2 protein chains.
Amino acid sequence: MHTDPTGPATTLLERLRAKITRGDLEPGSPLSEVSLAHEFDVSRTPIREVLKQLQLEGLIEIRPKVGTFIREPTRREIVEMFQLKEVLEGLAAALMARRGPCHQLDVLEDNVAASEVTSQAGDTDTYASQVQGFHQTLVDGADNNKLVEQYGRLMNQLSFYTLVRKTLDHPGRAVNSSREHRQVLTMIQNKDPFGAETTMRSHVFASTQELLVPRTRTTLSIDREP
Amino acid sequence: MHTDPTGPATTLLERLRAKITRGDLEPGSPLSEVSLAHEFDVSRTPIREVLKQLQLEGLIEIRPKVGTFIREPTRREIVEMFQLKEVLEGLAAALMARRGPCHQLDVLEDNVAASEVTSQAGDTDTYASQVQGFHQTLVDGADNNKLVEQYGRLMNQLSFYTLVRKTLDHPGRAVNSSREHRQVLTMIQNKDPFGAETTMRSHVFASTQELLVPRTRTTLSIDREP
DNA sequence: AGATCGTATGTTGCATGCATGTCCGGGTCA
DNA sequence: TGACCCGGACATGCATGCAACATACGATCT
């Protein structure tokens, strides 16, 4: 019954947040304090504290005296968040270019090299996680903890993991994406902050378009091929 | 005794946040739950919920089983936050330029015109509030609520209001700042998102430099005059 | 039959009490 | 004199109980 696979060291906030961002629950589902309390084997008090924080993060909505519900971002909010994502990741690329060699740069090089192979092979699952790794490594490599925090919040709200998969189903997107990753990496290696930022923003914008402009049939995507 | 000037409609979170960002308390001051509960005439439970949220916002630090303290951002964190401020306000300028005429644009025009007069007159107090208004109006005018939220959090953490005043004490900064505001406004009026973003970021960067590079004597600032 | 009102139930909001951990100070011993 | 140990005061952490409100459902009246 009330058990979850997260380790015992993780805090209650992280566990509940994970439960929500994991996507197990439908948007709009009610989150009863008592049932959560029972599930996590604590009383309602710490649950309430956590829920208030998750509301501040934008993951849930607390209707006073009524109940707590999983929040469903409107389409408009999603667009807004992707605009933020673009500039935040752009900043990350610029900062990383300015910073020069570091551990994350090595990781990034390996990541890009590996994802080039994966994208050609058409292994969507693996490539999806590599994309995740690319963006996260980039943000981490910016050496700006506040950026990491804000970015993390944004990604949680976007439930990004669930969205990425859809994009990559578009034919040709993976190889395009991989090529753009390589371009960004080159700019960073060249210590060109402006170029890295611009290229990264273009990349994020392109990926966003793939997500936000769904096509009725996948064959329509050929108009984006060279 | 335990009364504060904030209206009765404001939530407890906002009241406590205001109490902290107001700057009444020294960084590092302890915030006892019981004293806060008594001050706001509630029990410890809602106070605890609010404190947890303020910790998430980065305004306070809760040392488990020890106490809660007003957080003092490190210099590094301040630099990090200003980097974020730069791209966020840059995004705001770009979005507002793309958006075209709107209520906030009118406000911005009035603001810039008024602050040009004020800066020449040397009325630092008034100009400080006008600067505040310029930046806030710009962010509001971007028509991106997520941006407004993130920006608001950032400004709270920066205790920006307390910092701005210092900058403006630098001779000549006010007129320079005013001129830069005018440039940004012009770019927005010209519907030039890229130009608006670039100009805005330069402006924010310049202001930041004024803040982060304190001089031992104010007379040293003459080397920045034309 | 349809609308309305009262009640039953489930939820959150908050106050309180107890358990637990931390920190500081005095007393003791070497 | 110095280090060490121990106990009390105070803080948080959490469980629980009660009150208040919102919602849904069913009986009742027209």
Side-chain angles (χ1 to χ4, degrees), chain A residues 1-4 6-21 24-72 157, chain B residues 1-4 6-21 24-72 157:
Chain A
M1 187 63 61
H2 50 77
T3 60
D4 63 340
T6 58
T10 61
T11 187
L12 189 65
L13 173 65
E14 292 165 354
R15 295 207 293 163
L16 227 175
R17 186 194 289 129
K19 179 183 178 69
I20 295 173
T21 55
D24 312 335
L25 290 61
E26 289 289 304
S29 303
L31 288 173
S32 166
E33 293 179 359
V34 288
S35 60
L36 289 176
H38 183 256
E39 178 178 348
F40 290 100
D41 244 330
V42 294
S43 81
R44 281 180 49 218
T45 308
I47 292 288
R48 279 183 57 79
E49 291 173 355
V50 167
L51 288 181
K52 285 292 196 75
Q53 296 177 66
L54 290 177
Q55 181 184 37
L56 209 72
E57 292 188 18
L59 290 178
I60 63 178
E61 177 187 0
I62 301 178
R63 305 231 307 264
K65 292 282 190 178
V66 175
T68 303
F69 306 89
I70 299 221
R71 189 138 192 288
E72 173 167 45
Q157 284 188 66
Chain B
M1 190 63 63
H2 50 77
T3 61
D4 62 341
T6 57
T10 60
T11 187
L12 189 66
L13 173 64
E14 292 165 355
R15 295 207 294 162
L16 227 175
R17 186 195 289 128
K19 179 184 177 66
I20 294 173
T21 56
D24 312 336
L25 290 61
E26 288 289 305
S29 303
L31 287 174
S32 166
E33 292 179 0
V34 287
S35 59
L36 288 177
H38 183 257
E39 178 178 348
F40 289 98
D41 245 327
V42 293
S43 81
R44 281 179 49 219
T45 307
I47 292 289
R48 278 182 59 78
E49 290 174 355
V50 168
L51 288 181
K52 284 293 195 76
Q53 297 178 66
L54 291 176
Q55 181 185 35
L56 208 71
E57 292 188 17
L59 289 179
I60 62 178
E61 177 187 358
I62 300 179
R63 306 229 309 264
K65 293 284 192 178
V66 175
T68 304
F69 307 89
I70 299 222
R71 189 139 190 288
E72 174 167 43
Q157 283 188 66

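None of these values were measured; they are calculated from a predicted model. The sequence lines fix the lettering, A, B, ..., with proteins before strands; numbering per chain opens at 1.
- Within the model, atoms CG of B/L59 and CD1 of B/I20 stand 5.5 Å from one another, a figure rounded to the nearest 0.5 Å.
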Dump the intermediate steps for side chain to side chain contact (heavy atoms under 4.5 Å, CB included) on A/L13 and A/L54, then the final yes or no. CA-CA 8 Å; A/L13 173 65; A/L54 290 177; 3.9 Å; yes

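- Qualifying side-chain hydrogen bond (donor to acceptor under 3.5 Å, both in side chains) partners for A/R17, counting only residues two or more places apart in sequence or in other chains: A/E57.
- B/R48 meets the side-chain hydrogen bond (donor to acceptor under 3.5 Å, both in side chains) test with A/E49, B/E33; sequence neighbours excluded.
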Name the pairs: protein N/O against N/O of nucleotides 12-16 of chain D, kept only if under 3.5 Å.
residue: D/dT12; atom: OP1; partner: B/E33; partner atom: N; Å: 3.1
residue: D/dT12; atom: OP2; partner: B/E33; partner atom: N; Å: 3.4
residue: D/dT12; atom: O3'; partner: B/K65; partner atom: N; Å: 3.4
residue: D/dG13; atom: OP2; partner: B/R48; partner atom: NH1; Å: 2.5
residue: D/dG13; atom: OP2; partner: B/R48; partner atom: NH2; Å: 3.0
residue: D/dG13; atom: N7; partner: B/R44; partner atom: NH2; Å: 3.1
residue: D/dG13; atom: O6; partner: B/R44; partner atom: NH1; Å: 3.3
residue: D/dA15; atom: OP2; partner: A/S43; partner atom: N; Å: 2.4
residue: D/dA15; atom: OP2; partner: A/S43; partner atom: OG; Å: 2.6
residue: D/dA15; atom: N7; partner: A/T45; partner atom: OG1; Å: 3.0
residue: D/dT16; atom: O4; partner: A/T45; partner atom: OG1; Å: 3.1

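- How far CD1 of B/I70 is from CD of B/E26: 9.0 Å, rounded to the nearest 0.5 Å.
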